[in-house]
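For clarity, every value in this text was computed on a predicted model and none was experimentally measured. Sequence lines set the chain letters: A, B, ... in the order given, protein chains first and strands last, and positions in each chain run from 1.
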Amino acid sequence: MMALVLNEEQVMLKESAAGFLADKASVAALRELRDSSSEQGFSTEIWREMAEMGWAGIAIPEAFGGLGYGYIGLGLVLEQMGRNLSASPLQSTVLVAATLISELGNQAQKEALLPAIAAGDKLVSLALQETAHHAPEQTTMTASQDGDTFVLNGDKILVLDANVADYFVVIARTAGSKGDESGLSAFLVEADTRGVNVTRRSMVDSRNVGAVNFVDVRVSTENLLGEAGQAWDGLSRTMDIANVGLAAELLGISTEAFERTVEYLKERKQFGKVIGSFQGLQHRASELFAELEMARSIVLRALHAIDDSDEQLPLIASAAKAKLCEVAQRATNEGIQMHGGIGMTDEHEIGFFIKRARVVQHTFGDYNHHLDRFAKLSGF
Amino acid sequence: MSDLDQFRQQTRTWLEENCPPAMREPMKNFEDIYNGGRNPVIDHPDQKIWCERMASRGWTVPHWPAEYGGGGLDKDHVKVLREEMRRLGARPALDSFGISMLGPALLKFGSEKQKQEHLPKIVRGEIRWCQGYSEPGAGSDLASLQTKAEDHGDHYIVNGQKIWTSYANYADWIFCLVRTDNSGTKHEGISFVLFDMATPGVSVRPIKLISGSSPFCETFFDDVKVLKENLMGEEGKGWTIAKYLLTHEREMIAGFGGAHGQPLGERAVATMGADTSGRLVNSVLRQNIAQYQLDTVVFGATMARIGDEAKAGQGLGPASSIFKYYGTELNKRRNELNLAVDGEGALGWDGEEYDGGKLSRDWLRSKGNSIEGGTSEVQLNIISKRVLGLPDE
């Protein structure tokens with residue numbers, strides 16, 4: 001196993017991402033997108049710059065036009081995006097969709113899409129979730145074969161960047177019934193295909209999410225990713241990777257919220273003293289700091305587990321997501337509480353962190369989902 | 001064949017020829033650890049033989065320099081030695097505060113004469129050391145210690161009392177914090193001295209704990225004569241050494257938070273049963289165990305990360321406080337969960353049916369983990385001030 005430290009190249013990537021995002025895709029930029037009711041939901045111009053820096057292809061193999069940096073590289077960028085609450089299609093397209101295409105797609109499918117994703121030219125999003133909670137085996141959306149086409153019918157929610165995606169990777173059932181892991185298939189569907197209806201939803205974090213309805217949508221059998229009914233393993237590994245990436249984002253969110261809060265504790269005066277001198281607050285901050293150190297370790301461990309093809313990845317990924325959900329919840333809650341009244345105002349930025357944190361926590365399984373899975377995978 | 005492979009082969013042969021069969025049995029309890037000393041506590045005669053044989057090669061402390069009796073091995077060779085010992089199931093030949101605490105401080109702060117004098121005896125297990133830090137009035141506030149060392153030219157006369165001195169009743173020598181000056185701040189005027197526990201005026205009384213064991217003592221000094229050649233570092237600069245050693249101690253205690261044998265969740269299923277989907281029958285306990293086990297995984301990842309960062313030359317800093325705090329709280333949780341899993345079986349105090357009360361005694365002993373070596377609250381103070389930079393006033 002590689003050592004759990006960043007090498008020089010990774011440190012440089014982290015620092016350049018930090019500088020770029022703080023400059024161009026900060027919390028203030030998110031506020032502006034929100035207040036201007038941006039249809040796009042992110043800045044195309046800045047996404048273009050990110051792609052030019054290679055971020056869109058960071059984890060995509062060089063053979064498909066990417067940088068081949070692996071998921072550690074992507075995780076470092078996601079962490080910095082968490083710190084700045086940067087809006088971009090990096091999660092939907094690069095972390096999730098490109099991973100699933102890599103997992104399930106054949107050579108021709110990968111050649112058709114991965115280089116376009118790596119170049120920042122195409123946006124792709126996974127259409128998976130159907131109910132209020134993450135439960136892929138509960139999928140009811142159907143795809144029935146009709147000659148050399150499949151006909152897709154069903155409703156999806158929490159589709160990231162649904163309103164701007166060029167393609168969807170849609171999970172539908174070709175066999176079995178609700179609750180079965182087998183019988184699920186993945187299809188590549190162009191967003192402008194007849195019968196695909198996208199509705200943008202307004203979420204608490206002001207980021208791009210939508211509902212997508214599929215009504216008698218016909219796609220060629222060539223659009224099937226992998227074998228019919230056999231999507232589970234690739235989907236499952238993609239979800240593990242996605243959750244590790246989200247854990248990295250949560251690490252950035254939590255760390256930033258915490259650091260801002262500690263700075264506030266050093267400034268705010270009450271009873272004639274800075275409130276950071278009160279032991280009641282000091283110990284809470286220190287406990288949280290210890291938890292953040294644990295969080296940083298498990299995220300790094302999990303990113304390594306992806307790049308090392310560690311067979312423990314499912315367990316480590318759930319551990320990472322569960323821990324980061326727990327820590328992010330605590331860090332953002334304490335962030336509001338320790339800021340006091342000003343923390344409740346929309347004018348102050350700390351509120352943006354708690355909002356984004358909860359959406360990321362929920363996406364692809366929250367604390368309860370992943371702690372339960374962690375226990376199950378641990379044999380109890 | 002590479003040098004390392006050759007070393008492995010030679011080590012393997014030597015261990016097979018020299019490790020007594022009884023020393024290849026797994027250790028069952030604390031007493032199976034050999035601590036050495038003038039009058040060693042011996043559970044099996046082979047403990048002494050094994051220690052002597054290993055010490056002849058310096059392998060009781062393989063990473064110390066050979067000139068001081070150590071093995072003089074670099075970290076790759078140490079790793080091979082440990083791997084070969086594990087392969088054979090060989091027990092560590094010697095463990096002591098001399099190795100884990102005083103030795104590193106001697107190497108860093110001791111004079112050449114002191115190193116020559118003390119390190120080889122630690123390697124050979126001839127002298128067992130104890131640590132004289134806490135006092136009745138100086139626990140969390142360690143620097144307010146009052147044990148006094150009066151200057152008498154070529155020697156000091158030491159008067160005062162220490163408490164929580166681990167295994168003072170078995171120790172031959174003590175490394176001790178004493179006050180040589182009262183005029184400055186409390187951190188100034190502290191000196192670090194070494195002396196023989198057989199010196200007239202030293203007396204020791206073990207303290208019985210709630211767990212029934214007596215690992216700690218009260219130690220009394222009544223006009224104890226300590227030659228000045230036994231002062232380590234400069235007079236009045238003992239606090240620097242004390243802090244350095246506390247870091248070591250914290251890491252050692254934090255290590256209790258690491259993995260322990262069979263994972264608790266599995267053990268709970270074996271003890272209490274599971275439902276048809278394999279989940280532990282009691283869902284509340286299942287959640288508690290899952291949270292605990294999750295934290296052991298993240299703690300393990302943190303130990304690995306900090307270890308790798310240290311190897312890469314990135315400083316440990318006040319990270320030992322985070323370890324100490326987190327590891328000991330984790331160990332307390334594990335012990336509470338043992339009680340929940342084993343129920344009545346964990347409440348026995350004596351008798352074979354309760355394995356001599358191991359679970360209940362370990363549980364009670366674990367309560368001290370977040371007190372000794374600096375309480376959890378002191379660790380949080382250190383993080384607040386030294387890491388987060390939060391002010392006093």
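Chain A forms more heavy-atom pairs under 4.5 Å with one residue of B/Asn381, B/Val297, B/Asp295 than with any other, namely B/Asn381. Across B/Gly300, B/Ala274, B/Gly389, B/Gly278, the residue that shares the most heavy-atom pairs under 4.5 angstrom with chain A is B/Gly389.
B/Ile382 does not touch chain A: none of its heavy atoms, backbone or side chain, sits under 4.5 Å away. Residue contact with chain A, scored on non-hydrogen atoms closer than 4.5 Å, is absent for B/Asp275. In this structure, chain A has heavy atoms under 4.5 Å from both the backbone and the side chain of B/Glu377. Using a 4.5 Å cut-off between heavy atoms, A/Lys376 touches chain B through backbone and side chain atoms alike. When heavy atoms are compared at a cutoff of 4.5 Å, A/Tyr367 approaches chain B solely by way of its side chain, counted from C-beta outward. No part of B/Glu329 comes within reach of chain A, as not one of its non-hydrogen atoms sits under 4.5 angstrom from that chain. Neither the backbone nor the side chain of A/Glu259 comes within less than 4.5 Å of any heavy atom in chain B.
Of all heavy-atom pairs spanning B/Gln293 and A/Ser378, the tightest one is NE2-CB, 3.8 Å. Nearest approach of A/Gly276 to B/Leu390, heavy atoms of both residues: O-CB, 3.6 Å.
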Please report the C-alpha distance between B/Glu266 and A/Phe380 in whole Å, then the side-chain angles of each, then the deciding distance to 0.1 Å, and finally whether the side chain to side chain contact (heavy atoms under 4.5 Å, CB included) criterion is met.
CA-CA 6 Å; B/Glu266 271 178 34; A/Phe380 66 102; over 6 Å; no
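With A/Gln282 contributing its side chain and B/Ile383 its backbone, the two residues share no donor-acceptor pair below 3.5 Å. A/Ser286 places a side-chain N or O within 3.5 Å of a backbone atom of B/Ser384 that can act as its donor or acceptor partner.
Here the straight-line distance linking atom CZ of A/Phe258 with atom CG of B/Leu388 works out to 4.5 Å at 0.5 Å rounding. Annotation: the span from A/Gln279 atom CD to B/Asp392 atom CG amounts to 10.0 Å, rounded to 0.5 Å. Atom CZ of residue B/Arg305 and atom CE of residue A/Met294 lie 8.5 Å apart, to the nearest 0.5 angstrom. One finds the CG atom of B/Leu380 at 12.5 Å from the CZ atom of A/Arg284 (value rounded to the nearest 0.5 Å). Between B/Phe299 atom CZ and A/Glu293 atom CD the span is 12.0 Å, to the nearest 0.5 Å. Distance check: B/Leu294 CG to A/Leu315 CG gives 9.0 Å after rounding to the nearest 0.5 Å.
Residues B/Arg286 and A/Asp372 have side chains in contact (heavy-atom distance under 4.5 Å, counting atoms from C-beta outward).
More than 12 heavy atoms of other shown residues, nucleotides or ligands fall within 6.0 angstrom of atom CD in B/Glu83. Residue B/Lys108 places its NZ atom among 12 or fewer non-hydrogen atoms of other residues, nucleotides or ligands, all under 6.0 Å distant.
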